[in-house]
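Input: a single structure, listed below in structure tokens.
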Amino acid sequence: EEYVEQSDNTNEKTEADDIYIVTEDTSKRDETTKHFLLSDGSYKAVVYSAPIHHKKAGETEWSEINNTLTEVSDSSDNVYLEPKESPVDVKFFKYGNSDNLVKYNINGYEISWSYENGDFGLFKKHSTSSREKSKANSINKNKDIPLDSVEKTESRLKYDHFYKNVDIEYTVTSEGIKEDIILKNDNVQNEFVIKYNIGSLTAIQTNSRLITLYDGENATIFVLFSIFNFSSIGFSTLIMKLSLFFSITSLFTLLSGSIS
């Protein structure tokens, strides 16, 4: 059995160009690996750079991750988008407000947050299918797309003009979510107040770019960290600082300010 790592290089082929993938052996799946039966009777195992499978609650078999965002509603008539089939349990509210914009369930805890004084109009959804291919790119016979590629592992949505000349964008991956504050020029608001509802968790600020949420046994449940903030027009990269300036039971407010 041949083992290869996932790569974005789509030009490399197996030594014998006439060898192609017949099917995937789904019984051999794990979180990051697929096994394919080739036309010569051999197998190829492909290890991907991030999780591509997950186990649904109560099931033992691995299922494909599909982070395509789909619109759903709950018993309270809230309308939101959530990944179709994913280990990441997140909801983006279609009609957001100062209390609810994003709701995230992780390790049995629910965390929600929203921004102060934002424009809570409808978001602009744009899903991005992330297609990963292996180095040994065995083509499925009579098909243009290799069977060893994976799609729909990443999706995005954007709240356009959430503030004047500022967009808020979320990316859902197979490992979590990423939040981007997009500044459209160098003379815009660069300080934002975000309110988090964290239930029974406790928020502790470790440094200017890291806040950790702990449970009652002091175990880390969720980490909020800032890396960089890029503008959409290419001016100097900004480093985002986090300031925890108000915290009570189940609620804390975050001042997120950027400095050059």
Side-chain angles (χ1 to χ4, degrees), residues 1-15 17 19-38 42-57 59-70 81-90 92 102 104-107 125-140 143-158 169-180 182 209-210 220-230 237 240:
E1 185 174 47
E2 175 190 10
Y3 275 84
V4 295
E5 292 185 357
Q6 171 271 332
S7 170
D8 290 330
N9 188 338
T10 62
N11 295 320
E12 297 182 33
K13 297 184 179 181
T14 55
E15 293 181 0
D17 291 343
I19 297 176
Y20 56 88
I21 288 175
V22 176
T23 188
E24 180 196 356
D25 186 342
T26 58
S27 68
K28 295 178 180 292
R29 286 178 173 177
D30 62 29
E31 189 176 36
T32 60
T33 309
K34 287 180 175 291
H35 293 75
F36 298 97
L37 173 64
L38 303 182
S42 65
Y43 278 84
K44 179 177 72 171
V46 183
V47 181
Y48 297 84
S49 59
I52 55 171
H53 302 129
H54 75 117
K55 289 183 178 179
K56 300 177 184 178
E59 295 189 3
T60 59
E61 296 182 353
W62 292 96
S63 299
E64 296 273 4
I65 292 175
N66 184 347
N67 277 325
T68 301
L69 296 174
T70 57
L81 262 71
E82 67 178 10
K84 188 173 182 178
E85 188 173 317
S86 176
V88 179
D89 186 358
V90 62
F92 303 97
V102 182
Y104 189 32
N105 288 281
I106 182 171
N107 297 327
K125 181 182 69 169
H126 58 290
S127 296
T128 301
S129 294
S130 176
R131 179 178 298 156
E132 300 183 53
K133 296 184 175 68
S134 69
K135 289 181 178 179
N137 192 16
S138 301
I139 305 297
N140 182 29
K143 291 184 180 293
D144 295 328
I145 299 175
L147 272 182
D148 54 358
S149 66
V150 290
E151 299 179 333
K152 302 176 182 178
T153 57
E154 180 180 293
S155 288
R156 298 177 184 172
L157 66 84
K158 182 190 293 182
E169 183 176 71
Y170 291 95
T171 302
V172 183
T173 72
S174 57
E175 298 177 293
I177 60 174
K178 180 166 71 86
E179 182 180 56
D180 290 304
I182 302 171
R209 291 165 58 187
L210 182 67
T220 298
I221 301 300
F222 184 76
V223 177
L224 175 67
F225 62 93
S226 170
I227 304 177
F228 297 106
N229 185 347
F230 297 94
T237 298
M240 187 68 72

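Hydrogens, waters and symmetry mates play no part in the numbers below; they use all other heavy atoms, side chains included.
Looking at L69 and P83, their side chains come closer than 4.5 Å, going by heavy atoms from C-beta outward. Proximity of F92 to V172: side-chain heavy atoms (C-beta onward) are separated by under 4.5 Å at one or more points. At a threshold of 4.5 Å between non-hydrogen side-chain atoms, the residues H35 and K44 do not count as touching. Side chains of I21 and L38 form a contact here, defined as non-hydrogen atoms less than 4.5 Å apart.
Of all the heavy atoms in T33 and H53, the pair that sits closest is O-CE1, 3.3 Å.
Applying the side-chain contact (heavy atoms from CB on, under 4.5 Å) criterion to E175, with sequence neighbours excluded, gives A50, P51, T173. Legend: residues meeting salt bridge (Lys or Arg N to Asp or Glu O under 4.0 Å) with D89, ordered by chain and number and at least two apart, are K91. With sequence neighbours left out, I106 forms a side-chain contact (heavy atoms from CB on, under 4.5 Å) with Y104, I111, I221, F222. By the side-chain contact (heavy atoms from CB on, under 4.5 Å) test, E59 pairs with K56, S63, sequence neighbours left out. The side chain to side chain donor-acceptor pair (under 3.5 Å) search around D25 returns S27, not counting sequence neighbours. Under the side chain to side chain donor-acceptor pair (under 3.5 Å) criterion, H54 pairs with no residue at all, not counting sequence neighbours. For K55, the side-chain contact (heavy atoms from CB on, under 4.5 Å) partners are W62, not counting sequence neighbours. Remark: K178 engages D180 in a salt bridge (Lys or Arg N to Asp or Glu O under 4.0 Å) (not counting sequence neighbours). Checked against side chain to side chain donor-acceptor pair (under 3.5 Å), S42 has the following partners two or more places apart in sequence or in another chain: D40. Looking at residues two or more places apart in sequence or on another chain, you find no side chain to side chain donor-acceptor pair (under 3.5 Å) involving E31.
N105 contributes atom CG, which lies 10.0 Å from atom CD of E82 (distance to the nearest 0.5 angstrom). Rounded to the nearest 0.5 angstrom, I52 CD1 and S174 OG are separated by 9.0 Å. Separating the CG atom in L157 from the CD atom in E169 is a distance of 8.0 Å, to the nearest 0.5 Å. A distance of 9.5 Å separates OG1 of T171 from CD1 of I177, quoted to the nearest 0.5 Å.
E64 has a carboxylate O that lies under 4.0 Å from a charged side-chain N of R29, or vice versa, which qualifies the two as a salt bridge.
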